[in-house]
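Note on naming: letters A, B, ... go to the chains in the order of the sequence lines (proteins, then strands), and numbering restarts at 1 for each one. The shown structure was predicted, so the numbers you read here are calculated from the model rather than taken from an experiment.
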There are 2 protein chains.
Amino acid sequence: MTGSYREDMWWHGRLRCRGYRITAGRDAVLDVLTKSDAHLSAEDIYMRVHRIYPGIGLASVYRTLELLAQMGLVYKFDFGDGRARYELAEGSKKDQHHHHLVCNNCHKVIDYNDFIEEEVELLKKTEKGLSRKYDFQITSHLIQFYGICADCRKQE
Amino acid sequence: MTGSYREDMWWHGRLRCRGYRITAGRDAVLDVLTKSDAHLSAEDIYMRVHRIYPGIGLASVYRTLELLAQMGLVYKFDFGDGRARYELAEGSKKDQHHHHLVCNNCHKVIDYNDFIEEEVELLKKTEKGLSRKYDFQITSHLIQFYGICADCRKQE
DNA sequence: CATAAAATGATAATGATTATCAATAACTTG
DNA sequence: CAAGTTATTGATAATCATTATCATTTTATG
């Protein structure tokens, strides 16, 4: 009944309609991102993609991630360990909106979605106000908390 | 009447009590940070410090900034242009608490403090809740909005 | 299938940040 | 205040994530 609709192909239209082409490498990167739930670096992604599509080069992974981030399909984060981390934007998957708790010591990241409704509500309002006041077209936001995780506190 | 108290020496105690030494280089870096109101990169700071204290090396600027950030006297930001940006933590100066609006295109940064009271209030509450739930000692937070500034929108 | 344009892989280049290490300066103690 | 201990420094080499280059291969299209 569902015809030829493929759940894992939702991004094809998004790419196509902007003139980008569908390639095996891009498919593989998105596949890895869809199936992983955590904060992968470009190299993490490269290694995972390499297993299912050995032909891919690291540069293409970077290029794809850059493109997807530009399009808003992927979020790019800096958790302070010297390399960017990527995750699929929500809306595309089971994932719910969440923010991050980052350990300044071991750089571990905890996802949380407590208080998210209130946060998002306030952010929406703030966004609207800032947009008008500063004539700025806001497309996204970032909230993170920093500190020391339980494990790191024990060790000292 | 104010005796020998020097407004520009408030950080000496903070360093001393942790066993760090007061040096001309550190003084100069803090001086530059205190007098500047914008988002300087390490090299920006190096160049400005170099004018008043030519002996300093770039590595020392990096080391000092790292130290100050570690101590919480300085905030370190990533605005997406490939280099870290630093500003003096508030509390030390005229500066008021503010957050940032970052242009994804030209990487310009606008400071704002509209809605700050509400934001801070919510953050405080969230912080408390997260601390308990995840056994995480939170020391700071980050909020940024991203989008396209008015100038960049005109140009396209 | 032929064509034009986009995308790729391999790799060199870039550039911010860090590590190294001998020399120097800051604090401490007598 | 001199001597000693140790943190700090400057110069520079090393690191390493990310980008640029470019000849070659793929993709989409008619």
Side-chain angles (χ1 to χ4, degrees), chain A residues 9 11-30 32 39-71 73-74 76-86 104 107, chain B residues 9 11-30 32 39-47 49-71 73-86 104 107:
Chain A
M9 295 286 165
W11 56 75
H12 285 198
R14 299 265 218 131
L15 287 173
R16 277 242 184 68
C17 72
R18 298 201 192 197
Y20 299 119
R21 296 180 175 175
I22 311 299
T23 69
R26 287 174 178 169
D27 258 355
V29 167
L30 273 157
V32 163
H39 320 95
L40 303 176
S41 68
E43 190 146 11
D44 291 338
I45 294 167
Y46 168 68
M47 290 187 300
R48 295 187 187 204
V49 168
H50 201 267
R51 275 183 236 139
I52 53 181
Y53 178 58
I56 203 165
L58 179 56
S60 286
V61 172
Y62 272 103
R63 281 184 291 234
T64 298
L65 291 170
E66 170 67 21
L67 175 67
L68 297 175
Q70 200 72 39
M71 294 176 58
L73 298 182
V74 156
K76 179 179 181 179
F77 294 98
D78 167 28
F79 295 137
D81 66 342
R83 72 201 63 194
R85 303 277 169 175
Y86 301 86
N104 281 327
H107 299 114
Chain B
M9 294 286 164
W11 55 75
H12 285 197
R14 299 264 219 131
L15 288 173
R16 277 243 183 66
C17 73
R18 298 201 193 196
Y20 298 120
R21 296 178 177 177
I22 311 299
T23 69
R26 286 173 178 169
D27 259 354
V29 168
L30 274 158
V32 163
H39 320 96
L40 303 175
S41 68
E43 190 146 10
D44 291 337
I45 294 167
Y46 168 69
M47 289 186 302
V49 168
H50 200 267
R51 275 183 237 138
I52 53 180
Y53 178 57
I56 202 165
L58 179 57
S60 286
V61 172
Y62 272 104
R63 281 183 294 234
T64 298
L65 291 170
E66 170 67 23
L67 176 66
L68 297 175
Q70 199 71 40
M71 293 176 59
L73 298 183
V74 157
Y75 296 143
K76 179 179 181 178
F77 294 98
D78 168 28
F79 295 137
D81 65 342
R83 72 203 62 194
R85 303 277 168 174
Y86 301 86
N104 281 328
H107 299 113

Value rounded to 0.5 Å, distance of CD1 in Ile22(B) from CE in Met9(B):
9.0 Å
Have a look at the helix from dC1(C)-dG30(D) to dG30(C)-dC1(D) and give the angle its two end axes make, five pairs each, rounded to 10 degrees.
40°
Base, sugar-phosphate, or nothing for Gly55(A), non-hydrogen atoms under 4.0 angstrom?
sugar-phosphate
Rounded to the nearest 0.5 Å, what separates atom CZ in Arg51(B) from atom CD1 in Ile56(B)?
13.5 Å
Hey, does the side-chain of Arg63(A) have a donor or acceptor N/O within less than 3.5 Å of a partner on the base of dT19(D)?
no
Without hydrogens or angle criteria, can the side chains of Asp27(A) and His12(A) be said to hold a donor-acceptor pair below 3.5 Å?
yes
Testing dT18(D), dG9(C), dT12(D) for proximity to the side chain of Ala59(B), the answer is dT12(D)
Side chain of Leu58(B) only, please: which of dA17(D), dT20(C), dT17(C) is the nearest?
dT17(C)
For a quick check of understanding: with a heavy-atom distance under 4.0 Å over all strands, which category does Arg21(B) fall into, base, sugar-phosphate or nothing?
base
Contacts table for residues 73-84 of chain B: side-chain donor-acceptor under 3.5 angstrom, sequence neighbours left out:
unit_1	atom_1	unit_2	atom_2	d
Tyr75(B)	OH	Glu90(B)	OE1	3.3
Tyr75(B)	OH	Glu90(B)	OE2	3.3
Asp78(B)	OD1	Gly80(B)	N	2.9
Asp81(B)	OD2	Arg85(B)	NH2	2.6

Is the phosphate of dG10(D) approached by Ser60(B) (side-chain N or O, under 4.0 Å from OP1 or OP2)?
yes
Against the side chain of Tyr62(B), the closest entry in dT19(D), dG10(D), dT18(C) is dT18(C)
Out of dA7(C), dG9(C), dG10(D), minimum distance to the side chain of Tyr53(A) belongs to dG9(C)
Are OP1 or OP2 of dT8(D) and a side-chain N or O of Arg26(B) less than 4.0 angstrom apart?
yes
